[in-house]
Amino acid sequence: MDKSEIDTPALIVDVDVMLRNIREMAKLAKERGLKLRPHVKTHKVPEIAKIQVEEGGKGICVQKLSEAEVMAENGLDNIFITNEVVGQLKLPRLAKLREKVDVFVAVDHLDNIRDLSNVMKEHGLELGVYVDVDCGMHRTGVPPDKAPDLAEAVTRSEGLYLVGIMAYEGHAGAPRDREERVSLINKAMEQTLLSVELVKRRGIEVNEVSVGSSATVRYSSMFEGITELQPGMYVFNDYYLVEREAATIDSCALHVLTTVMSRPSPDRGVVDAGSKTFHFDMNRYPIAVGVEGVEMVKFSEEHGWLILRGQAQEKIRLGDRLEFIPYHVCPCVNQFDILYGLRGDRVERVWPVAARGKVT
Ligand SMILES: Cc1ncc(COP(=O)(O)O)c(C=O)c1O
């Protein structure tokens, strides 16, 4: 199949760029003596997860139990759900999954530790647990001074064992200003390592200290005491990361292929991909690549509204195919059933996005 035969809108992945991204991150982790646990929530494709493992990943991360189930069904093992798994509907599913594969979860509440212990005991299983520490994002996680209590509760709970500490510093990658990012990463790693110190002072062993987002991992991985990295978006990259100096246009492996479906006036065009394709996130629009003077300025569900400037007003014709880099790649992928893996114009792979829509 040739690229010209792909109907639009479609997600196309440059296989070589993706492999380069995967290998570069694996090399960084290896050089620093750290474990890389790629976060597969970005692509949700078991085959790509397997490539990441073959290229040096030590297991994978997912965000949801249902993503973990899909990965396990497709042959992956050693799966860290970097999230709290809470509720009586989910816990038996977690136990069932633990019967099949090595799975780990994050915890930030004593009640959850009790419930996890009960369900694992009931099934005669052992579950590895990371204490989730809030290193500044203020999403989930406990402050560092509460980590020892949770760690101790885990070590005392039948059916559970402590793996270590997890602290996600995604917030630190958000500022566009480099100094601000560096300052936030410094603070986040300080908080993370403080929590490790406090847990150790309680006489409890901390084997893994797991951090890392694609925007910050090159710097946060330099802190002594970190053992494991869990970046996700680096596999494809996106314009969010380009703006934060963590990627370049050339390292963005995934493009959205669209067709110009309307040319209402010389300075306006419309492509067949709107918010149901890209997902409108962070108030930002995707970036056109390979053409000058094309700016996406608005979405409706099935329409991407373009302003055309300069030569683009002449050049862009009805039926032309335009490519865009999503601003945030993860929710965009989650809207598609398949990814096309391309080498040049040749379609080499069609990957089902098997964990698409897996949010429970
Ligand atoms: C807990 C956790 N770990 C790792 C990641 C991966 O980070 P990124 O996608 O920025 O590389 C995320 C992303 O949201 C996350 O929530």
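Counting begins at 1 with the first residue of the sequence. Indexing begins at 1, ligand by ligand and atom by atom, following the structure's order.
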(request) Taking atom types as modelled, find out whether Glu295 and Tyr285 have a side-chain donor-acceptor pair closer than 3.5 angstrom. (result)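 There is no such pair (donor and acceptor under 3.5 Å, judged by atom type) between the side chains of Glu295 and Tyr285.
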Atom indices of ligand 1 within 4.0 angstrom of [X] heavy atoms, with elements:
{"X": "Ser214", "answer": "8 (P), 10 (O), 11 (O)"}
{"X": "Pro231", "answer": "11 (O)"}
{"X": "Gly232", "answer": "6 (C), 7 (O), 8 (P), 9 (O), 11 (O)"}
{"X": "Ser213", "answer": "7 (O), 10 (O), 11 (O)"}
{"X": "Thr82", "answer": "1 (C), 2 (C)"}

Checking a contact table here: which protein heavy atom is nearest [atom], and how many Å away?
{"atom": "atom 5 (C) of ligand 1", "result": "Tyr168 CE1, 3.4 Å"}
{"atom": "atom 13 (C) of ligand 1", "result": "Lys41 CE, 2.9 Å"}
{"atom": "atom 3 (N) of ligand 1", "result": "Gln230 OE1, 2.5 Å"}

(request) Determine whether more than 12 heavy atoms belonging to other residues, nucleotides or ligands lie under 6.0 Å from atom CZ of Arg156. (result)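 No, not enclosed.
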(request) Output all residues satisfying salt bridge (Lys or Arg N to Asp or Glu O under 4.0 Å) with Glu47, sequence neighbours left out; order by chain, then residue number. (result)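 If we apply the salt bridge (Lys or Arg N to Asp or Glu O under 4.0 Å) test to Glu47, skipping adjacent residues, there are no hits.
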(request) Answer yes when Arg309 and Glu292 have at least one side-chain N-carboxylate O distance shorter than 4.0 Å, and no when they do not. (result)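 Judged by the 4.0 Å cut-off on N to carboxylate O distance, Arg309 and Glu292 do not form a salt bridge.
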(message) Taking the basic N atoms (NZ, or NE/NH1/NH2) and the acidic carboxylate oxygens, is any pair closer than 4.0 Å for Glu69 and Lys358?
(response) no
(request) Determine, using ring centers only, whether Tyr130 and Phe80 are less than 6.0 Å apart. (result)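 Yes.
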(request) Using a 4.0 Å heavy-atom cut-off, say whether Met233 meets ligand 1 through its side chain, its backbone, both or neither. (result) both
(request) Could you see which bit of Arg139 sits under 4.0 Å from ligand 1, with heavy atoms only: side chain, backbone, both or neither? (result)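 Contact part for Arg139 vs ligand 1: side chain (C-beta onward).
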(request) Start with the C-alpha gap between Ser213 and Thr216, add the side-chain angles, then the distance that decides, and say whether side-chain hydrogen bond (donor to acceptor under 3.5 Å, both in side chains) holds. (result) CA-CA 5 Å; Ser213 76; Thr216 57; 2.8 Å; yes
